[in-house]
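Everything on this sheet refers to the single structure shown next.
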Number of protein chains: 2
Amino acid sequence: MIPKDHPRYHSLVRRENIANAALAGIVAMEGVGAHGRGEAFDYLIGEKTTKSAELAEKTAAALFLTAKKPVLSVNGNTAALAADLIKDFQQATGALVEVNLFHRTEERIEKITRLLEEKGVLVHKGEIKRLLPLSHDRALCSVDGIYSSDVILVPLEDGDRCEALVSMGKTVIAIDLNPLSRTAKTASLTIVDELTRALLTITNACKSLGEDEINRLACDFSDKKIQNKDILDNAVKDILENLSDALDRKVQA
Amino acid sequence: MIPKDHPRYHSLVRRENIANAALAGIVAMEGVGAHGRGEAFDYLIGEKTTKSAELAEKTAAALFLTAKKPVLSVNGNTAALAADLIKDFQQATGALVEVNLFHRTEERIEKITRLLEEKGVLVHKGEIKRLLPLSHDRALCSVDGIYSSDVILVPLEDGDRCEALVSMGKTVIAIDLNPLSRTAKTASLTIVDELTRALLTITNACKSLGEDEINRLACDFSDKKIQNKDILDNAVKDILENLSDALDRKVQA
């Protein structure tokens, strides 16, 4: 349906994937709206991986490769957009993949697990308990998965859960296109980039970075030479620049 | 469910209304994502009616009150968010209200018509023909409604249809939170504001503006003293200012 030469082809395909996944019960209705918010911010950062996001992605790769127990937490939107990419990501990072939902139903957990397994992902299915310092089902995760991880990647997460994971002493890496969101500000490291671009870049970095570079990035992060605050400021600056350019073009026109 | 003292209460209620309307078949899945994009831009303009949007809303009121055949085109999102407000809007402006859908099905037309009528709106149901210079069902509208209107308000419209209506010589007033969108740039006048705030402000302006003020606004618009380009530039400037403030606060923190 969507012509391949449309300038915003990839964005429109992702929009369609999310709508179809919502109809299939994989994405919650709240996830469709959240995707729309992300689309708006992606438009503002220029629908490309910025230099600052690339540094965050390489740092994420280094943190994953030097972690004791790295975990990727997958929700409905992540599965709908990136099930294809997660197998490669898992092989490159050695991460455990756990399905963890904010709007949790057993039916959605099963559907998402099946979708990932069809794509060759090894899905972790440990004992589930209320382990995060949060009320209700949002506290659920597996004992030997998310609960015992030291580094966790949470794409498209909500602010409360991100905060809860940080308070447990974990290194929390978020993927969030809104650099002003609570998740973005709360995470240990935030990748302000679109999910599929981010996962691809992390996977490629794991394959191409040498051991020295990996150690240097991990050290720079622990020594606070790479700081989340700077990464977020740079994302806001990128948006400011793009908007100023749009304004200049209009003023000239 | 949503606590009334939540700082973003109104935004969260609207999000819930859209999700419920999608489940009820009033809002198309595409409409849920579109609402999310709007939310992101509303966040960036500060979730309030800016001075420049207020001028656009007062001008819209003047254009409606001086029109020969003013029409409000209602889609699923508009009905879900503002069915309550449209009766008052209709009484204040004297506008004909027509249900017109991008993702058109007779079932959705009927559901939206019923919702509006339950709220006391008089819904126009004229003969429907392919009348707009567009392919497929997107060309459908009523002969003695949208087709013969001189001034038309299209909240949350798509770019192609907005362009088609302008090319037919109509004064097209759009409500669009993205000042960079094709709809925003194509419309005769764009209100960069959230839908319910915009409709309320137009309704109040119709009630409170004196005849002199109405004529002055309508003249300023036809004399190009009020220009869409300036209104859009001001919206981008408002976003730039809000983002710069956020950056300053972070740099200070």
Side-chain angles (χ1 to χ4, degrees), chain A residues 7-8 11-12 14-24 27-44 77 103 177-182 184-185 227-253, chain B residues 7-8 11-12 14-24 27-44 77 103 177-182 184-185 227-253:
Chain A
R8 304 194 48 251
S11 176
L12 296 176
R14 285 195 291 269
R15 189 185 295 179
E16 197 171 69
N17 286 347
I18 286 286
N20 289 338
L23 294 171
V27 163
M29 196 59 80
E30 292 80 357
V32 184
H35 181 75
R37 294 194 294 283
E39 261 187 47
F41 280 102
D42 196 18
Y43 179 82
L44 291 173
N77 285 41
H103 299 282
L177 278 158
N178 177 358
L180 304 170
S181 77
R182 205 151 54 85
K185 290 179 191 164
Q227 284 201 49
N228 197 43
K229 195 189 142 304
D230 297 332
I231 286 169
L232 297 181
D233 283 353
N234 285 332
V236 175
K237 284 175 195 162
D238 287 330
I239 294 176
L240 283 170
E241 210 165 292
N242 289 337
L243 280 170
S244 301
D245 286 354
L247 198 60
D248 289 344
R249 276 199 302 279
K250 264 199 276 177
V251 170
Q252 284 163 14
Chain B
R8 304 195 48 253
S11 176
L12 296 176
R14 285 194 291 269
R15 189 185 295 177
E16 198 171 69
N17 286 348
I18 286 286
N20 289 338
L23 295 171
V27 163
M29 196 60 80
E30 292 80 357
V32 184
H35 181 76
R37 294 195 292 283
E39 262 186 47
F41 280 102
D42 196 19
Y43 180 81
L44 291 173
N77 284 41
H103 300 281
L177 278 156
N178 177 358
L180 305 170
S181 77
R182 204 151 57 84
K185 289 178 192 166
Q227 284 202 47
N228 197 43
K229 195 189 140 303
D230 297 331
I231 286 169
L232 297 181
D233 284 353
N234 284 332
V236 175
K237 283 176 196 163
D238 286 331
I239 295 176
L240 283 169
E241 209 165 293
N242 289 336
L243 280 170
S244 301
D245 286 354
L247 199 60
D248 289 344
R249 276 199 303 278
K250 265 199 276 179
V251 171
Q252 284 164 14

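Below, chain A is the first sequence line, B the second, and so on; all start at residue 1.
The minimum heavy-atom distance between R37(A) and A40(B), with the atom names listed, is O-CB, 3.8 Å. Scanning both residues, L243(A) and V236(B), for their nearest heavy atoms gives O-CG1, 3.9 Å.
We find the CZ-CZ distance between F41(B) and F41(A) to be 8.0 Å, quoted to the nearest 0.5 Å.
By the side-chain hydrogen bond (donor to acceptor under 3.5 Å, both in side chains) test, N228(B) is found to be paired with T190(B), residues two or more places apart in sequence or in another chain being considered. Not counting sequence neighbours, N178(A) has no partner by the side-chain hydrogen bond (donor to acceptor under 3.5 Å, both in side chains) test.
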As a quick check of understanding, evaluate side chain to side chain contact (heavy atoms under 4.5 Å, CB included) for M29(A) and M29(B), giving each step before the final call. CA-CA 9 Å; M29(A) 196 59 80; M29(B) 196 60 80; 4.0 Å; yes

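Heavy atoms of A34(B) lying under 4.5 Å from chain A are absent altogether. Residue contact with chain A, scored on non-hydrogen atoms closer than 4.5 Å, involves the side chain of L44(B) exclusively.
Counting heavy-atom pairs under 4.5 Å between each of D230(A), L240(A), L23(A) and chain B puts L240(A) at the top.
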